[in-house]
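Below is one structure; the comments refer to it alone.
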Amino acid sequence: MKPLPRDFYLNDTVSVARALLGCVLWRRLDGELLAGRIVEAEAYLGANDMASHARRGLRSPRVESMYLDGGHAYVYFTYGMHYCMNVVTQEADIAEAVLLRGLEPLQGLESMRTRRPKAKRDLDLMNGPGKLCAAMAIDKALDGAPLNGKTLFITPRDIEVREEEIAVSARIGVENSGEAAPWPLRFYLRGNKFVGHGPMR
DNA sequence: TTATTGATTGACT
DNA sequence: GTCAATCAATAAA
């Protein structure tokens, strides 16, 4: 399976977020290959989006990779203990991205369990942005990495996803982001059990 | 320089 | 439902 082409990531960010649902994220780690299907994602829209790390055009070492051109990873450390991974979209210097919030584990489950000892069920392995990074050993070292590389890449949908299967809600955890808080920029596969949160919150 | 706050998770009442 | 963990980035002073 070939990685998604660069053009895929240059579309408008909401379209990319929707199109990523059903696609598969791969991680090569010490000779083993881990994989998870994207089932939940959120769009972050750059300068005018007060929930984005790049709000007001803010440019700092942490968010620099958000300004790369589409098809790279933006990985950041938060709450003093978790990493979150974004898929950067748009041309260079436009800071938009898609946060991966939930994956369905497909391959390398045993390896994932060793890094997610607190996950009681396979359901809990990757049903949150911090959880999926832990399961796939994604950390600061992969910040800015291309998404068509050897250690990290995304392949097209291996399942059919109809538009009506995509549910929409406000983003999670951005209550203090002013007018951007209720924006309908969270997308997930309706009824998929690997989605972390329900429609509300 | 100090203070506040997270694009979260997991344990606990 | 509440709340602690744990620290870097950002805001305030």
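Numbered from 1 within each chain, the chains take letters A, B, ... in sequence-line order. The model shown is predicted, which means the values in this text are computed figures rather than measured ones.
The phosphate of B/dG10 has OP1 or OP2 within less than 4.0 Å of a side-chain N or O from A/R116. At the phosphate of B/dT9, neither OP1 nor OP2 sits under 4.0 Å from any side-chain N or O atom of A/H82. The phosphate of B/dG10 (OP1 or OP2) has no side-chain N or O of A/K120 nearer than 4.0 angstrom. A/R101 has a side-chain polar atom (N or O) that falls below the 4.0 Å cut-off from OP1 or OP2 of B/dT8.
The partner of C/dC7, taking Watson-Crick or G-U wobble pairs whose two distances both stay under 3.5 Å, is B/dG6.
A/S60 comes within contact range of the sugar-phosphate backbone alone, with a heavy-atom separation under 4.0 Å but no base atom that close. Looking at heavy-atom distances under 4.0 Å, A/R56 makes contact with sugar-phosphate atoms alone, never a base. In this structure, A/N176 reaches the sugar-phosphate backbone alone: every heavy-atom distance under 4.0 Å involves primed, P, OP1 or OP2 atoms, never a base. Within 4.0 Å (heavy atoms only), A/M66 reaches at least one base atom of the nucleic acid.
Residues A/K118 and A/D124 are not paired through a salt bridge, judged by the lack of any N-O separation under 4.0 Å between the basic side chain and the carboxylate. We find that A/R59 and A/D93 are joined by a salt bridge, their nearest charged nitrogen and carboxylate oxygen being less than 4.0 Å apart.
Using a 5.5 Å limit on the distance between ring centres and a 30° limit on the angle between planes, the aromatic ring of A/Y76 does not count as stacked on the six-membered base ring of B/dA7.
When the C1' atom is used for both C/dC3 and B/dT5, the distance is 16 Å, rounded to whole Å. The same atom, C1', is picked in C/dA12 and in B/dA7; the two are 23 Å apart, to the nearest Å.
Rounded to an integer number of Å, the gap from NE2 of A/H53 to C1' of B/dA7 is 5 Å.
Among A/V88, A/V98, A/V87, A/D49, the one residue that satisfies the side-chain contact (heavy atoms from CB on, under 4.5 Å) test with A/T13 is A/V98.
A/F153 and A/W26 have parallel rings, their planes meeting at less than 30° on a 0 to 90° scale where 60° marks the start of perpendicular.
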